[in-house]
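Residue numbers begin at 1 in each chain, while the letters A, B, ... track the order of the sequences. Everything quoted here is computed from the prediction, not taken from an experiment.
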Protein chains: 2
Amino acid sequence: MSGDRSKAARHRPTIHDVAAAAGVSRGTVSRALNGGRNVSPAALEAVLKAVRTTGYVANPAARSLVTQRAHSVAFVLTEPQQRLFEDPNFSILLQGCTQELAELDVPVLLMTASTEVERKRTSRFIAAGHVDGVLLVSSHTGNPLIDDLHDSGIPVVACGKPIGFENRVAYAAADDRSGARLMVEHLRSRGRRRIATITGPPDTPGGVERLAGYRDVLGADATPELIAHGDYSRVGGEAAMASLLERAPDLDAVFVASDLMAAGALNVLHDSGRRVPEDVAVGGFDDSSIATSTRPALTTVRQPFQRITREMVRLLMEQIRGEPPAAAILPTELVVRAST
Amino acid sequence: MSGDRSKAARHRPTIHDVAAAAGVSRGTVSRALNGGRNVSPAALEAVLKAVRTTGYVANPAARSLVTQRAHSVAFVLTEPQQRLFEDPNFSILLQGCTQELAELDVPVLLMTASTEVERKRTSRFIAAGHVDGVLLVSSHTGNPLIDDLHDSGIPVVACGKPIGFENRVAYAAADDRSGARLMVEHLRSRGRRRIATITGPPDTPGGVERLAGYRDVLGADATPELIAHGDYSRVGGEAAMASLLERAPDLDAVFVASDLMAAGALNVLHDSGRRVPEDVAVGGFDDSSIATSTRPALTTVRQPFQRITREMVRLLMEQIRGEPPAAAILPTELVVRAST
DNA sequence: AACCGCGCTGTGAACGTGCACAGTAGTTGC
DNA sequence: GCAACTACTGTGCACGTTCACAGCGCGGTT
């Protein structure tokens, strides 16, 4: 074992070794490996064979040093730590971006910026040039990280509309407002008349837009006692549901702005003795893995996470290539299950 | 805006700029920044001031090139993609490791190796020297990635005992067997006599050890019809519970080897008309966020995730510094809630 | 015959840092 | 008074790669 180790660690083959083995120069090896332009078939073959026999893999640091590119990207989460593992949305986004970028051979660095200390560390780290771009997942507005990033001039793509930076920072987002309308219209079509809502935080795009969609459909029926604010957490959903039941005990439907909060709401409704959907219909938002694990399974609005992550990556790569920031708004879809 | 960008991008200050601004040489700047040994107070102050005025941040690629260290670490997940966001355990581990390493200023690269293509990409990437070490989260045995990593001689720490590599690869793990004993003894103390179990996959340490703990306590009472195998997924837990109910309808308790599977089991018990814990007591394993979100809340065995991640990071850093691989076994704890 | 363009090749110069080494000034010891 | 030591400083080199440039042979055009 230690023999293997020292052998492997003794000396990693460099481009010189490959050149020597192939009987050509460094330049030819480099050209053969990066696109292969202006390389004779014989030389190309010799190089590829030498790469195989030597087990050569290019040194990323040396490459980065000369190309002035890190060839990697950061995934930055500004939400409280808790969120990452409580709400599956973040995992799905992370997973999607990682996979999308892996196909481009771009590794993803995971960083958080929940606290002030972390934010400074992350800003500094990104300013150091460790990464070529940033995928920013931060629903709340007002985090100074986005200022730092914007000032440093590094390409950034936000997930969800970055309130206050809509025109300066690229983003990919679901069409929250239309999605909310779809759900509320669906609840109406089921004959519900007292439709309440649990919103996201008012400083998040989802909190604002999904409430707007709800109001679009209900108009004057959207009375204050039917609206409760949540914080996208399960316990937040429970608290909001309890508050709604107190203020509007006659409600017959609830549109909840996230599946996780809806799961909390379902528990509270269950504890209060109400049946879902017979007494109260419940609609969620996201279509995350939670939606199929509740009893009853949740009718919800599907966010096209795969398209979102794909667009985020595309928009980021565009900017890294020098193009200006752009935005992508993606359509949502109603998924009807047992809770309505 | 574009003014700012081009200004920021025009030229990043190098160590030369700092040296010039401080009126000293490169070497002095380097020494001042790396430990500050053998630097006069005056020079140190001048350097720090120059760093502030120029906004200098060391170029990581140049540093890596000369130190032969990447100063970063990979977190590699070999489970199917799905797992990352279905089972909160992985998110917790990821989060914990990231946070622990962030304090050491070591970034974490997230990679997956679920498919053959991904495995090759990941192996190749790690062999390229992008990272100094690997945190490997892979419950199943038989994944060739661990061979690749071991062959390449890179420091590795596994989460959970790496079956087949126990003596060659470092790992941190909870004491699964004792934890299982704790739970089964608890169920017995509640007066349960027909205690079934849903195991993890037999090619995972958790699948083997937790079953062994169950057998330790029950002895001859651990009859085959009381044992069902799951795959750590929710639907796997549902299927196993359904199978148990068919084979042993008189069971009065179930020890489930993960909280996620236990959540599935609870749903099936509920659908079958059984009350928990009156008719059937249910015990989980992990104490993940799921445990408090089920109805009733889940009695479970707490894995000390924070200590596990801390040990993983410590063991990895040790190896990177050249010390031999070691292992850490951490104690578990019974957490009693409403389901037993 | 001289010239040009083309496809291919080798070579030198960066990229920005850390480290070994040599050197300097000031202090101490004998 | 000289050597030895200490505390600090500057300089050259190396890390491994890419890129621009120059060189070279060769066929075709003027």
- [ ] Please state how far atom CG in B:Leu65 lies from atom P in C:dG18, giving the value in whole angstrom units.
- [x] 11 Å
TODO: Please determine if A:Arg307 and A:Glu311 form a salt bridge, counting it only when a charged side-chain N lies under 4.0 Å from a carboxylate O.
DONE: no
Task: Heavy-atom side-chain contact between A:Val57 and B:Phe125 under 4.5 Å - done: no
Open item on the list: Working to the nearest 0.5 angstrom, can you tell me the gap between B:Asn34 CG and B:Ser30 OG?
Closed with: 4.5 Å
TODO: State plainly whether the residues B:Arg314 and B:Glu318 are in salt-bridge range, i.e. N to O under 4.0 Å.
DONE: yes
Task: Selection residues 64-80 of chain B - residue pairs positive for salt bridge (Lys or Arg N to Asp or Glu O under 4.0 Å), sequence neighbours left out - done: B:Glu79-B:Arg83
TODO: Considering only NZ, NE, NH1 and NH2 on the basic side and carboxylate oxygens on the acidic side, decide whether A:Glu100 and A:Arg310 come within less than 4.0 Å.
DONE: yes
Open item on the list: Counting only heavy atoms and a strict 4.0 angstrom limit, can you tell me which residues of residues 17-31 of chain B come near DNA chain D?
Closed with: B:Val24, B:Ser25, B:Arg26, B:Gly27, B:Thr28, B:Arg31
Task: With B:Ser40 via side-chain hydrogen bond (donor to acceptor under 3.5 Å, both in side chains) - residues at least two apart - done: none
Open item on the list: Using a 4.0 Å cut-off to any heavy atom of chain B, which nucleotides of DNA chain D are the first and last in contact, reading 5' to 3'?
Closed with: D:dC8 to D:dG16
If you restrict it to nitrogen or oxygen atoms, what contacts under 3.5 Å exist between nucleotides 22-28 of chain C and the protein, and what is each distance?
none

Open item on the list: Does any part of the side chain of A:Leu33, heavy atoms only, come nearer than 4.5 Å to the side chain of A:Tyr56, both counted from C-beta?
Closed with: yes
Open item on the list: Has B:Asp132 got a side-chain atom pairing as donor or acceptor with B:Val73's backbone, closer than 3.5 angstrom?
Closed with: no
TODO: Could you tell me whether the phosphate oxygens of C:dT9, OP1 or OP2, come under 4.0 Å of any side-chain nitrogen or oxygen in A:Asn38?
DONE: no
- [ ] Look at the side chain of A:Ser40 and decide which nucleotide, out of C:dG18, C:dC15, C:dT9, has an atom nearest to it.
- [x] C:dT9
Open item on the list: For the backbone of A:Arg119 and the side chain of A:Thr122, can you confirm whether one donor and one acceptor N or O come within less than 3.5 Å of each other?
Closed with: no
TODO: Identify which one of A:Leu136, A:Thr78, A:Asp148 satisfies the side chain to side chain contact (heavy atoms under 4.5 Å, CB included) criterion when paired with A:Asn143.
DONE: A:Thr78
Open item on the list: What is the separation between atom CD1 on A:Ile15 and atom C1' on C:dG10, rounded to the nearest whole Å?
Closed with: 13 Å
TODO: Using a cut-off of strictly less than 4.0 Å between a heavy atom of the residue and any atom of DNA chain C, enumerate the qualifying residues of residues 44-64 of chain A by number.
DONE: none
Open item on the list: Does a side-chain N or O of B:Gln68 approach OP1 or OP2 of C:dG18 to a distance below 4.0 Å, or not?
Closed with: no
Open item on the list: If the test is side chain to side chain contact (heavy atoms under 4.5 Å, CB included), which one of B:Ile308, B:Leu316, B:Leu315 qualifies with B:Met312?
Closed with: B:Ile308
Task: Distance (rounded to the nearest 0.5 Å) between B:Arg121 CZ and B:Ile126 CD1 - done: 12.5 Å
